[in-house]
Structure formats: C-alpha cells, structure tokens
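Have a look at the structure below before the remarks.
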Number of protein chains: 2
Amino acid sequence: MKPKVTIEDIARLAGVSKATVSRVLNERSNVKAETRERVLRIMQEQGFVPSLAAAGLAGGRSRLVGVLTPPFTQPTVPEILRGVAEAIEHTDYEIVLYSTNAGQSPTTIVNRILALGLTSCLLVIQPGPLTPRLLQLASQGLPVVVIDDQGPPPELPSVGIDNRVSAYQATMHLIRLGYRRIAHLQGPAEFRCAQERYQGYRQALDDAGLPFDPALVFNGTFETASGRACAVALATLPLTERPEAIFIANDQMAFGFLSAAEALGLRIPQDLAVVGFDDIPLSAHVRPTLTTIKQPFYEMGRNAVELLLSLLHGPATQPVAGAEGGYQPPIRIQLPTRLVIRESCGALTLHRRQEQEHSLSDE
Amino acid sequence: MKPKVTIEDIARLAGVSKATVSRVLNERSNVKAETRERVLRIMQEQGFVPSLAAAGLAGGRSRLVGVLTPPFTQPTVPEILRGVAEAIEHTDYEIVLYSTNAGQSPTTIVNRILALGLTSCLLVIQPGPLTPRLLQLASQGLPVVVIDDQGPPPELPSVGIDNRVSAYQATMHLIRLGYRRIAHLQGPAEFRCAQERYQGYRQALDDAGLPFDPALVFNGTFETASGRACAVALATLPLTERPEAIFIANDQMAFGFLSAAEALGLRIPQDLAVVGFDDIPLSAHVRPTLTTIKQPFYEMGRNAVELLLSLLHGPATQPVAGAEGGYQPPIRIQLPTRLVIRESCGALTLHRRQEQEHSLSDE
DNA sequence: CTGTTAGCGCCTTCAA
DNA sequence: TTGAAGGCGCTAACAG
C-alpha cells in the first residue's frame with residue numbers, strides 16, 4: 001500500500017552505497033560534504049524517513065523513550081505529559097506510552113517494556129516508592145529518569161521540587177497571616193514527599209516560635225476521602241482546641257476537606273484557613289478557591305526529557321559495582337515552586353485582594 | 001547489560017526450531033499440544049518476551065498503534081486516553097503517542113508517523129476536520145479510526161456520539177422545565193458537531209411548537225472567551241428580548257458564560273438557565289454546577305481501540321478504486337450520551353433536588 | 001505438524 | 001572517505 005522508501009532506494013538514486021547513506025543519516029563526520037548534500041537532497045525529494053524499528057533492531061538502541069505513567073485521569077499527569085510530549089517533539093525520538101492502571105504489578109510492566117526491546121530508556125512518572133526491579137535495571141545501566149510529583153526517594157536521576165521548602169513556605173504564609181494554631185493533614189508515610197512536607201511544616205512552626213501540637217497533625221492518604229475525614233475530626237474538636245488554619249499536604253485532600261467543611265457549616269477561610277499543595281486544575285475552581293503551592297508540572301516534564309536524553313547521549317556513567325571512587329548521588333533537577341494565593345487562606349479578605357487570581361479568566 | 005532472551009534460546013532449550021517457537025508465539029494452530037506447552041513453559045522460565053521491533057520488521061505489520069492526540073490539557077483528552085490505554089492493555093499491542101501541539105501541521109505529523117514504519121494503524125483523536133493526507137492514506141488501506149469528540153465528518157471509521165439527538169435532549173430538557181425563549185451558543189461552523197448540535201436545538205424547538213428566533217443564536221468558537229462574549233451580549237439585550245434559558249454547545253464556553261454572568265450580576269439559573277455539552281471534569285465543580293450532556297469519553301477510547309484492532313485483523317476491506325458494488329459508508333460506533341442534571345438549569349430548585357449529583361463526593 | 005531458508009531495513013564491522 | 005558483507009530477532013514462505 002505505501003511503497004516505503006528505503007535506504008537502498010536512496011543509495012541507488014544517489015549512486016552511493018547503503019553504508020554511506022546510513023552514515024549521512026547518523027551524521028557521521030566522515031562523509032565528503034558534496035556527497036552528503038546530494039544524499040540529503042535525494043532523501044528530501046523521496047520523502048525518506050528511516051524506520052525506527054529497523055534502526056533499533058540493527059543498532060541496538062532505539063529512538064523510543066518509554067514513558068511509564070499513572071492513569072491520565074490523575075490530575076497531575078496531563079500537564080506533565082504535555083511537557084514531555086513537547087520536549088520530545090524537538091528531538092527525533094518518539095514516545096511509547098505505558099499506562100499503569102492501578103492494581104497491576106509495576107514490576108510486570110517494567111519487564112514487559114524492556115523485554116519488548118523497543119525502548120532504550122525510561123521516563124517514570126510514578127507516585128510513591130519505586131519498584132525494586134526498576135532500581136535494579138537502572139543500576140545495570142538502563143537510563144531512567146523519575147518525575148516525582150509525589151516524591152519517590154531520589155535513588156535515580158530525577159526531576160522534582162523541594163517539598164520541604166515549599167511546605168515551609170505554605171505554612172509560613174499562614175503564620176504571616178496571623179494564624180497561631182495551625183494544623184497539618186499529612187500524606188501517607190510511604191511517600192517521601194509526605195514526610196518532607198511534614199518536616200517543612202514543623203520547621204516553619206519552630207522558626208516562628210510557635211508550639212507544636214501533635215494533636216493537630218492528622219494522617220491522610222492523599223485522597224479526597226481522607227480530607228473529608230479530617231474535616232469531620234476537626235469539627236468534633238472542642239472550640240478551644242480547634243486550629244485556626246490547616247496546611248493540607250495535597251490539593252486532592254483539600255477538596256475533600258472543603259466540601260466536608262461546607263457541609264459541616266465550617267466557613268473557609270473565616271472559621272478556618274486552608275492551604276493546599278500541588279495546584280492542579282480544579283484548585284482554581286473549587287469554592288472557595290484554594291490557596292496552594294504550585295508545582296511546575298509542565299516544566300518537570302520538559303526537564304525530565306532533557307535529562308533523560310542527556311543521560312542517553314552522555315558518556316555511559318556506569319555505576320561500577322563496588323566502585324571505590326566514592327558514591328556520588330544521582331542527578332537531581334529541582335524546580336522552583338510558587339505559592340498561589342487564592343481565597344481559602346483568607347489573605348484576600350484580610351488584605352483586600354492584592355494578589356487575587358481570577359478563577360476562570362485565565363483559560 | 002541485559003542478556004535478552006531470544007527465540008533462538010528458547011528453541012535450543014526446547015529442542016525445536018525457531019519457526020516452531022514463532023508459531024507458538026503467534027498462536028498458530030498447527031503445533032502439537034505437547035510441544036506447545038513445553039515451549040510455553042520454557043518461555044515462562046526464561047522470562048521471554050518477543051521483540052516487537054523485530055517482529056514488526058519481519059512480519060511487515062507492527063504491534064504498535066499510533067495515537068494522534070491534541071494536547072493532554074484539552075479537558076476531554078485524558079478520559080479518552082484512559083480508555084484507549086486500558087483497552088490496549090488487554091492486547092499485545094502498545095501505544096506510540098504523537099501529540100499534536102497546536103500550530104504544527106497535522107500533515108507533517110502524519111507523514112512522520114507513517115514513514116517511521118513503526119505503526120501499522122492509527123487512532124486519531126482530532127477536533128475538527130481531518131487532514132486530507134489522512135483521508136488519502138486511509139483510502140490506500142491504512143487502518144484508521146477517528147474519535148470525534150468534536151465531531152469530524154465520518155469519512156473514516158469512527159467512534160462518537162449522536163450530536164443531534166443529544167442536543168435535542170438538552171434543549172428539550174429546558175423546554176420541559178417550562179422555559180420558552182431559549183437561546184443557543186453554537187460552535188464554529190467548521191465543526192460538524194457544532195452544526196449537528198444546532199440542528200438538534202432547532203428540532204427541539206420545532207417539535208415543541210416554539211418559535212425560532214435567529215437573534216437568539218450566537219456564534220462561538222468552542223473556547224471560554226466566546227462564552228463570556230455571549231453572556232455580555234445577552235446582558236445588553238433589552239429585558240423583554242432576553243431569553244430565559246440557553247443551550248451552550250460545549251462546557252468550555254459554558255464556563256466562560258457562567259463566570260461572565262456572575263460578574264454581570266446575572267443569576268444562574270434564576271435569571272437564566274444554562275445547559276452545556278460534554279461533561280468534562282470541571283463541569284461538576286464550577287458554580288453553579290453545570291447541567292450538561294455527558295459524553296462517554298472513556299468508552300469512546302475503549303471502543304475505538306477495539307474497532308481499530310478489528311479492522312486490522314479483519315479481512316482487508318480494501319476500498320477498490322472505482323468498485324461498482326455500491327458505496328458503503330465506513331463503520332461508525334455511536335455511543336449513548338446522558339443528560340446530567342445539576343444546578344445551572346434550575347431543575348433542582350424547581351423540582352426539589354430529585355436527581356442531584358453530589359459534586360465532590362464521587363471522586 | 002515441523003524444520004529449512006530467506007529476508008524485513010538498518011547499522012556495523014571490516015577491508016579498500 | 002567509501003563499499004561489501006554480516007547480522008539484529010523475528011516471520012514467511014517453502015519443503016518435508
């Protein structure tokens with residue numbers, strides 16, 4: 001149906017050997033300029049595009065980057081993928097997508113991916129801890145970059161944010177607004193980012209000379225339901241023990257909190273100020289709109305791709321087993337976050353809307 | 001680094017020829033049951049996974065489906081992709097993702113995709129009209145399935161909804177609620193779905209014996225801004241000419257409409273009832289929550305994959321040039337939509353919340 | 001039912 | 001700087 005133009009065709013038309021065409025393709029230097037241009041021109045004319053499949057087979061390394069993602073409906077994912085896709089587009093690589101639908105072993109998928117022999121490197125968007133299998137492969141030399149929107153420990157090259165500092169800023173924002181009793185709804189302990197955000201919260205209290213009250217720290221799961229549960233727990237607290245504000249470790253839980261609070265007759269921010277973490281699309285649209293820490297998801301995607309490709313092209317920094325030369329930690333790109341001030345923290349009502357974000361107007 | 005297990009290895013260990021192993025792999029029937037099981041067992045033991053790249057090269061057809069998508073941040077996309085990914089997962093195919101970032105020629109991308117020789121079929125999620133190049137390729141025998149969330153003309157096998165009927169239901173819902181003067185904000189004329197939704201609107205008015213007033217039909221772009229513009233236009237109308245309700249051709253525009261209406265002091269649904277179209281995630285969260293037609297995006301993704309694979313496996317229904325046998329239209333899978341009743345249409349306030357959807361509680 | 005023989009389109013030695 | 005030959009891992013004909 002489609003008479004694919006092959007290297008052989010080009011070679012014949014250009015009057016050179018296939019090997020030479022191949023050299024031109026791979027931008028080898030050892031081709032006479034004149035020849036190169038002729039070949040290039042003919043490739044143009046014929047609309048030649050090399051077969052990635054064959055190139056991968058023959059050359060060993062393919063031009064496909066495997067991208068391992070959680071379900072697309074997880075709110076942080078689309079933005080990250082947009083960044084990834086855009087970065088890839090400027091290269092001659094393509095994306096092979098492996099979506100990990102909840103409930104299937106990540107190890108299985110990883111095995112499948114690699115064994116397929118399609119992809120020569122992996123970009124992992126994975127909430128929570130990494131599969132041992134992945135670590136093992138990486139240590140064997142497979143280029144892997146992790147985007148830790150939810151914060152896996154950086155045992156691999158990774159792109160992410162400084163959760164501790166960001167949480168510190170979020171908490172400090174509440175403190176500056178004059179709140180004294182500040183609660184925290186934290187994420188599950190398996191997530192390193194949950195711990196880090198907790199630490200940032202603690203640190204802010206300390207630095208402000210505020211007492212830490214363990215009774216004000218609630219355990220959550222990063223899911224909406226636990227936000228609701230937390231609101232209920234707070235509402236049952238005696239008025240004197242009730243906090244004036246709460247820093248919630250992700251927006252998803254904050255949504256649950258807001259909706260339950262509304263149902264419970266708890267006014268946000270008048271009765272209780274709320275700051276979240278992530279800034280996913282909904283955050284600008286819930287009522288009240290959510291003050292939160294904005295993670296630069298798009299940029300994370302872009303940076304991850306760049307890092308991955310640089311790993312791929314750069315010298316094979318093979319982690320020699322038992323190397324004595326001192327352990328050097330994997331590369332980490334840390335992107336800045338930003339506090340987005342909206343209604344839920346009370347800053348707007350307190351400070352007459354100095355930095356208000358128009359909710360729907362920016363789309 | 002990773003000593004890939006090949007068919008050759010399996011063949012040796014099982015004491016058969018590579019061809020036989022291949023037969024087992026491809027589930028050919030002509031293998032003795034006993035042999036098959038031995039081979040399968042050994043493949044298990046060795047953790048053998050065939051190389052898609054090689055298989056594609058050798059066999060001519062690859063096991064990769066190319067998926068052409070708009071940017072992931074377009075709100076309808078994640079759900080569709082989720083469906084696609086989930087359907088693919090049950091097969092031995094993989095997804096190669098081509099994201100069409102706005103502003104780049106679709107034709108270029110399509111060419112690139114095909115020439116790569118990676119994918120043997122294409123799933124296109126494309127708002128608006130199809131590239132001529134795509135049509136041409138399809139007519140040459142390339143299996144293509146289109147998901148028309150925004151409604152391209154079904155010149156190719158496609159999965160979508162009945163826009164006309166759905167729009168009819170939306171409008172009829174408003175009519176049943178007692179509204180008489182009903183406006184319509186339509187999408188751009190290039191989108192067939194925009195025309196169809198308009199037709200459904202007209203039809204509903206006709207069937208209800210309501211007069212059609214061209215002054216109540218506004219032109220939109222399917223984007224937020226045009227929703228705002230429409231609200232402004234409505235607000236400037238003399239009170240007597242103002243409609244009591246409006247059917248807006250997609251939710252994105254409805255959001256713009258709602259936010260502008262709020263700013264203009266127009267109360268929804270008291271002053272004006274609104275019904276949208278799509279039911280994207282935000283629709284349940286804007287204020288007031290949006291009554292709208294729910295498109296089954298997830299199912300569309302799933303069905304599209306199934307259709308595509310059936311096309312791939314089924315008999316090559318090659319559209320023979322100039323065949324006399326009468327033109328038969330391409331397959332179309334039409335999925336049912338559903339009217340989701342929320343606040344913006346006034347039904348809840350009128351009929352004391354009979355079908356209310358809890359906004360945040362279902363996540 | 002099974003083994004043998006050619007390639008798929010490309011890259012990578014080698015030798016020239 | 002170039003050409004010729006071999007093979008990546010698999011499938012598709014053939015024979016048997």
Q. Is there a side-chain contact between A:Val124 and A:Ile147, using heavy atoms and a 4.5 Å cut-off?
A. no

Q: Could you verify whether a donor N or O on one side chain and an acceptor N or O on the other, from A:Tyr298 and A:Glu86, lie under 3.5 Å apart?
A: yes

Q.
Please confirm whether the shortest side-chain N or O distance from B:Thr20 to OP1 or OP2 of C:dG3 is below 4.0 Å.
A. yes

Q | Minimum-distance nucleotide to A:Ala19 side chain [options: D:dG3, C:dG3, D:dT11] | A | D:dG3

**Q.** d(CG, B:Leu52; P, D:dC10) in whole Å
**A.** 10 Å

Q. Within this structure, what is the CG-to-C1' distance between B:Leu25 and D:dA12, rounded to whole angstrom?
A. 15 Å

Q) Is there a donor-acceptor pair closer than 3.5 Å between any side-chain N or O of A:Arg36 and the backbone N or O of A:Arg28? A) yes

Q.
Measuring to OP1 and OP2 of C:dG3, would you say a side-chain N or O of B:Ser17 lies under 4.0 angstrom away?
A. yes

Q | From D:dC10, C:dG9, C:dG3, nucleotide with atom closest to B:Leu57 side chain | A | C:dG9

Q | Interatomic distance, B:Glu8 CD vs D:dC8 P [rounded to whole Å] | A | 8 Å

Q: Tell me what A:Val16 touches on the nucleic acid: a base, only sugar-phosphate, or nothing, going by heavy atoms under 4.0 Å.
A: sugar-phosphate

(Q) Measuring to OP1 and OP2 of C:dC11, would you say a side-chain N or O of A:Asn26 lies under 4.0 angstrom away? (A) yes

Q: From the options B:Glu45, B:Met43, B:Lys18, select the one residue that forms a side-chain contact (heavy atoms from CB on, under 4.5 Å) with B:Ile10.
A: B:Met43

Q: Name the closest nucleotide to the A:Ala58 side chain, picking from D:dC8, D:dC10, C:dG3.
A: D:dC8

Q) In whole Å, what is the span from the CD1 atom of A:Ile10 to the P atom of C:dC11? A) 13 Å

(Q) Between C1' on D:dG7 and CD1 on B:Ile7, what's the gap in Å once rounded to a whole number? (A) 16 Å

Q.
Assuming nearest nucleotide by heavy-atom distance, tell me which of A:Lys18 and A:Arg23 is located more 5' along DNA chain C.
A. A:Lys18

Q.
Among D:dT11, C:dG9, C:dT12, which nucleotide has an atom closest to any side-chain atom of A:Thr6?
A. C:dG9

Q: Starting from P on D:dG3, measure out to CG on A:Asn30 and report it in whole angstrom.
A: 12 Å

Q.
Does a side-chain N or O of B:Ser51 approach OP1 or OP2 of D:dC8 to a distance below 4.0 Å, or not?
A. no

Q.
For C:dC1 and B:Arg28 - does any side-chain N or O of the residue sit under 4.0 Å from the phosphate oxygens OP1/OP2?
A. no

Q | Candidate pair A:Arg82 and A:Glu79, rule salt bridge (Lys or Arg N to Asp or Glu O under 4.0 Å), full reasoning | A | CA-CA 5 Å; A:Arg82 191 168 66 91; A:Glu79 267 296 295; 3.1 Å; yes

**Q.** Shortest side-chain distance from A:Ala54, nucleotide among C:dC10, C:dT2, C:dG3
**A.** C:dC10

Q) How many Å lie between CE on B:Met43 and C1' on D:dC10, as a whole number? A) 13 Å

